[in-house]
Amino acid sequence: RLQEGMDTLQCYAWLFRSQILASGIIPQVALMMGPCLGGQAYHPVMQDFVFQNRKTGFMAIAGPAFVKTQTGVEISLEELCGIKAQAYKTGNTHVVTEDDKDCLDKAKELLSFFPSNNKEKPPRITCADDPERLIPEFDHLIPEKASKPFNMMKVILPLVDNGHFFEIHKNFAPNVIVGYARFSGRPVGIVASQPMAKAGALDCDASDKVARFVRTCDLFNIPLVNLHDTPGFWIGPQEEWRGILRHGAKMLYAYIDATVPKISVILRKSYAGAYLAMCCKDTGGDFMFAWPQAKVTIVGADTAASVIFAKEIKSSPNPKETQMARIQEYSDLYENPYKGAERNYIDDVIMPRDTRKYINRCLDILENKSEARPWRKYSNINL
């Protein structure tokens with residue numbers, strides 16, 4: 001309370017220290033059922049997950065009264081720090097809930113994927129969903145036109161046990177999906193491109209979202225399954241000035257630092273730096289597979305050909321025809337998964353219907369995975 005002066009600050013400090021020293025040792029979940037304003041609002045955002053009630057949950061470093069006194073700005077509590085602010089814009093809120101009961105139920109559901117502490121494996125449950133189950137609809141799921149989007153949830157839900165997927169950060173950076181599911185009863189973390197939003201390209205917010213999620217999974221021994229369909233990182237002044245290089249690097253750090261099992265599947269596009277940042281074999285993946293229609297290379301064939309063969313195209317009697325021929329030539333040579341498989345960057349090109357079977361077999365192989373690393377306090381991640 002304000003009446004307690006310096007004692008108030010010390011109380012914050014005592015709790016901050018306790019929280020931070022316990023971080024990564026036990027799961028920490030904050031349930032925002034009512035207002036949390038002032039310095040104490042740092043407590044929930046420092047925990048692993050924040051749940052926020054749609055109508056009654058509010059979280060801000062200063063409430064409307066303080067904002068008006070200090071800055072002269074008049075703003076409502078809901079606009080300042082309701083779900084539209086914290087779940088959609090800032091990403092501080094991981095899960096939006098309808099009321100107190102829904103909040104408690106969803107917190108229990110999330111914690112069912114987690115061990116009690118970082119020295120335990122996540123709890124595996126008995127599951128009747130066949131780990132070798134084929135998914136024939138996957139063979140015809142991807143649109144023939146590479147620029148046509150599809151909903152990645154149509155892959156995730158049939159792929160996981162009983163179609164049960166607990167999504168995190170649903171409203172923040174929707175161009176990438178993260179959340180928890182099970183394979184043959186094992187909890188896993190899923191990171192998947194979402195072509196329905198920004199074509200699945202990675203930006204600053206998506207990079208932060210993935211890096212935080214990957215590190216959380218790694219801290220609590222939860223394996224990672226990564227599904228690629230991304231044309232790359234967003235380029236241009238807006239993202240560059242926001243620091244896309246720094247934010248994108250967080251994904252590289254997170255995946256390479258993580259020692260849990262990591263399995264990646266390229267469904268369609270995996271280009272440029274996004275191929276690396278979404279966990280390829282040399283940025284941490286234990287196994288990497290691709291569907292036959294996957295396109296994996298540094299840039300798309302049309303861009304590559306227009307650069308490599310620019311002089312030839314310009315001097316050609318028929319520039320358009322030459323350009324199309326060179327684009328096709330580059331695509332045939334490089335824009336496919338078989339070139340990567342030849343060089344062992346991709347372990348196998350698989351039929352889409354077999355994806356669940358391959359993931360479960362890999363998780364069996366990696367059940368007791370361990371890695372030896374040189375001693376250090378921690379990596380100097382680009383925060």
Side-chain angles (χ1 to χ4, degrees), residues 27 29 48-52 87 91 93-98 102-115 122-135 137-138 141-142 149-197 200 206 209-210 212-214 216-218 220-230 260-265 267-268 278-279 289 291 352-360 362-363:
V29 182
D48 298 315
F49 299 99
V50 176
F51 290 63
Q52 184 176 6
T93 294
H94 297 80
V95 179
V96 174
T97 57
E98 298 306 317
D102 186 43
C103 191
L104 291 168
D105 289 344
K106 282 188 166 64
K108 291 175 184 177
E109 185 181 354
L110 173 67
L111 288 172
S112 71
F113 293 98
F114 278 76
R124 187 173 183 177
I125 63 174
T126 302
C127 179
D129 196 347
D130 183 4
E132 298 278 300
R133 172 170 54 84
L134 302 182
I135 312 172
E137 61 265 33
F138 280 5
L141 177 68
I142 304 297
F150 69 96
N151 192 342
M152 186 61 75
M153 294 301 290
K154 291 184 178 180
V155 175
I156 295 172
L157 296 179
L159 192 61
V160 303
D161 288 355
N162 302 314
H164 180 214
F165 178 60
F166 190 94
E167 188 172 358
I168 298 296
H169 269 147
K170 180 178 181 178
N171 308 114
F172 178 68
N175 39 327
V176 66
I177 298 169
V178 301
Y180 297 97
R182 291 183 177 88
F183 281 91
S184 193
R186 290 186 186 90
V188 301
I190 291 180
V191 177
S193 311
Q194 175 53 291
M196 299 296 290
K209 174 175 171 177
V210 172
R212 169 76 174 188
F213 180 78
V214 168
T216 302
C217 289
D218 187 47
F220 296 105
N221 309 310
I222 298 174
L224 287 155
V225 173
N226 312 287
L227 305 174
H228 293 220
D229 184 15
T230 175
V260 293
K262 288 163 282 185
I263 301 161
S264 295
V265 183
L267 279 57
R268 185 164 63 171
M278 284 287 290
C279 194
F289 303 102
W291 289 5
R353 65 173 59 204
D354 293 327
T355 305
R356 175 175 164 85
K357 176 174 69 175
Y358 273 84
I359 290 172
N360 274 306
C362 289
L363 288 170

(message) With a 4.5 Å cut-off on side-chain heavy atoms, are E98 and K106 touching?
(response) no

(message) H228: which residues meet the ring-ring contact (aromatic ring centres under 6.0 Å, His included) condition with it, sequence neighbours left out?
(response) none

(request) Assign the ring pair F51 / F166 to parallel, tilted or perpendicular, where the plane angle (0 to 90°) is split at 30° and 60°. (result) tilted

(message) Check for me whether the distance between the ring centres of F114 and Y180 falls short of 6.0 Å.
(response) yes

(request) Report yes or no: do Q194 and N151 form a side-chain donor-acceptor pair below 3.5 Å? (result) yes

(request) Report the residues that fulfil side chain to side chain contact (heavy atoms under 4.5 Å, CB included) with D218, sequence neighbours left out, ordered by chain and then residue number. (result) A258, T259, V260

(message) Check this for me: K170, atom NZ, are more than 12 non-hydrogen atoms of other residues, nucleotides or ligands nearer than 6.0 Å?
(response) no

(message) So L267 and F138, do their side chains get closer than 4.5 Å, heavy atoms only?
(response) no

(request) Evaluate the side-chain proximity of L110 to V95: yes if any heavy-atom separation is below 4.5 Å, no if none is. (result) no

(message) As an exercise, state the distance from CZ of R353 to CG of L141, rounded to the nearest 0.5 Å.
(response) 13.0 Å

(message) If we count only N and O atoms by modelled type, under 3.5 Å, do the side chains of S193 and D229 hold a donor and an acceptor together?
(response) no

(message) Within the 4.5 Å heavy-atom criterion, are Y358 and V265 side-chain neighbours or not?
(response) no

(message) Salt bridge or not between R133 and D161? Use side-chain N to carboxylate O under 4.0 Å.
(response) no

(request) Find out whether I263 and P223 are in side-chain contact, i.e. whether some heavy atom of one side chain is under 4.5 Å from a heavy atom of the other. (result) no

(request) With the side chain counted from C-beta on, respond yes when F183 and R356 share a heavy-atom pair under 4.5 Å apart, and no when they do not. (result) yes

(message) Rounded to the nearest 0.5 Å, what separates atom CG in L159 from atom CD1 in I359?
(response) 4.5 Å

(request) List in chain and number order the residues that pass side chain to side chain contact (heavy atoms under 4.5 Å, CB included) with I125, two or more places apart in sequence or in another chain; answer none if no residue qualifies. (result) R182

(request) Supply the atom-to-atom distance E167 CD to I190 CD1, rounded to the nearest 0.5 angstrom. (result) 10.5 Å

